[in-house]
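Okay, structure first, notes after.
When a residue number appears, it is its place in the shown sequence, counting from 1. A quick note: this is a predicted structure, and the numbers were derived from the prediction, not measured.
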Amino acid sequence: CDIVLSEHTYELCHDHIWVRELDVIRVKGKMQPVKIYGLIGDREQALDDSTQAFLALYEQARQSYTSMAFDEAIQLFEQAQQMRPADRAVEIHLQRAQAYLQTPPPPNWDGVHVMTTK
């Protein structure tokens with residue numbers, strides 16, 4: 001993503017921009033997780049059908065991922081990757097989901113990615 005917004009910034013301008021949730025992260029040294037979003041565009045311009053389809057698939061895949069349905073998340077992220085092969089957020093989620101199939105997170109996992117560096 002070229003521009004990443006925290007949930008705090010997004011709250012200030014959510015009526016004016018299209019975004020997608022990229023992740024929920026806990027930054028090094030902080031306890032409270034924060035949602036981060038990738039800027040898609042200005043709401044004054046409608047999203048084209050291809051972008052809408054991609055975003056719907058990506059959102060569905062994120063829901064599967066955060067619900068620990070990693071097999072399903074991988075299938076959905078792979079479909080999203082076919083639509084946008086260079087999408088870095090999709091690639092990262094695929095890598096994480098595949099790793100979680102090998103070494104599952106604890107049962108109380110909250111879907112938050114812990115950042116180990118600033």
Side-chain angles (χ1 to χ4, degrees):
C1 296
D2 292 329
I3 299 175
V4 177
L5 310 166
S6 72
E7 65 185 87
H8 308 295
T9 302
Y10 177 57
E11 287 173 14
L12 299 173
C13 55
H14 69 275
D15 292 339
H16 305 288
I17 58 174
W18 297 110
V19 298
R20 68 171 163 161
E21 183 179 294
L22 295 174
D23 214 343
V24 180
I25 61 170
R26 187 172 291 116
V27 211
K28 184 177 180 179
K30 302 284 183 176
M31 292 305 297
Q32 186 68 25
V34 176
K35 289 182 181 180
I36 57 172
Y37 299 89
L39 179 65
I40 303 295
D42 187 334
R43 280 194 184 258
E44 290 184 14
Q45 297 178 350
L47 296 176
D48 61 57
D49 292 343
S50 171
T51 300
Q52 287 181 42
F54 171 78
L55 293 175
L57 188 58
Y58 176 85
E59 183 179 333
Q60 188 179 2
R62 279 267 312 144
Q63 288 173 358
S64 295
Y65 174 84
T66 58
S67 299
M68 297 193 334
F70 298 117
D71 283 322
E72 181 178 312
I74 288 169
Q75 290 176 345
L76 294 167
F77 280 124
E78 285 175 343
Q79 289 175 40
Q81 192 173 48
Q82 289 176 0
M83 296 173 80
R84 295 201 175 169
D87 191 278
R88 185 75 175 120
V90 168
E91 181 182 332
I92 288 169
H93 279 86
L94 272 170
Q95 290 170 358
R96 288 187 197 162
Q98 290 163 345
Y100 283 140
L101 281 179
Q102 299 299 315
T103 307
N108 63 343
W109 182 67
D110 58 5
V112 174
H113 180 71
V114 179
M115 304 292 290
T116 57
T117 60
K118 287 190 176 190

For residues 69-82, which residue pairs pass the side-chain hydrogen bond (donor to acceptor under 3.5 Å, both in side chains) check, not counting sequence neighbours?
Ser64-Glu72
Pro107 and Met68: which non-hydrogen atoms are nearest, and at how many Å?
O-CE, 4.3 Å
Any Tyr58 side-chain heavy atom under 4.5 Å of Arg84 side chain
no
Quick one: salt bridge (Lys or Arg N to Asp or Glu O under 4.0 Å) pairs with a partner in residues 106-115, sequence neighbours left out?
Arg26-Asp110
Nearest heavy-atom approach of Leu57 to Ala80 is CD2-N, 3.3 Å
Under the rule for side-chain hydrogen bond (donor to acceptor under 3.5 Å, both in side chains), what residues qualify as partners of Arg62, not counting sequence neighbours?
Glu21, His93
Linking directly or through intermediates, with side-chain heavy atoms under 4.5 Å: list the remaining ILVMFWY members grouped with Val112, chain and number order.
Val24
So do Ile40 and Ile17 actually touch side chain to side chain, heavy atoms under 4.5 Å?
no
Pairing residues for Phe70 by the ring-ring contact (aromatic ring centres under 6.0 Å, His included) criterion, not counting sequence neighbours
Tyr65, Tyr100, Trp109
Sorted by chain and residue number, the side-chain contact (heavy atoms from CB on, under 4.5 Å) partners of Asp48 (sequence neighbours excluded) come out as Ser50, Thr51
Looking at every non-hydrogen atom in both residues, tell me the closest pair between Ile74 and Leu94 and how far apart they are.
O-CD2, 3.7 Å
Heavy-atom pair with the smallest gap, counting every atom of Ala61 and Ala73
O-CB, 3.8 Å
With hydrophobic residues grouped by side-chain heavy-atom distances under 4.5 Å, do Ile3 and Ile92 end up in a single group?
no
By side-chain contact (heavy atoms from CB on, under 4.5 Å), Arg43 pairs with (sequence neighbours left out) Tyr10, Trp18
Mind checking what makes salt bridge (Lys or Arg N to Asp or Glu O under 4.0 Å) contact with Asp49, not counting sequence neighbours?
none
Nearest heavy-atom neighbours spanning Tyr37 and Val19
CD2-CG2, 3.6 Å
Return each pair, listed once, that meets salt bridge (Lys or Arg N to Asp or Glu O under 4.0 Å) where at least one residue sits in residues 51-60; pairs must be two or more places apart or across chains.
none
Nearest 0.5 Å, what's the CG-CE distance between Leu55 and Met83?
8.5 Å
Just grab all the salt bridge (Lys or Arg N to Asp or Glu O under 4.0 Å) pairs involving residues 95-106, residues at least two apart or on different chains.
Asp23-Arg96
The salt bridge (Lys or Arg N to Asp or Glu O under 4.0 Å) partners of Glu91 (sequence neighbours excluded) come to Arg88
Check whether more than 12 heavy atoms from other residues, nucleotides or ligands sit under 6.0 Å from atom CD of Glu11, and answer yes or no.
yes
Who are the side-chain contact (heavy atoms from CB on, under 4.5 Å) partners of Val34, not counting sequence neighbours?
Ser6, Glu7, His8
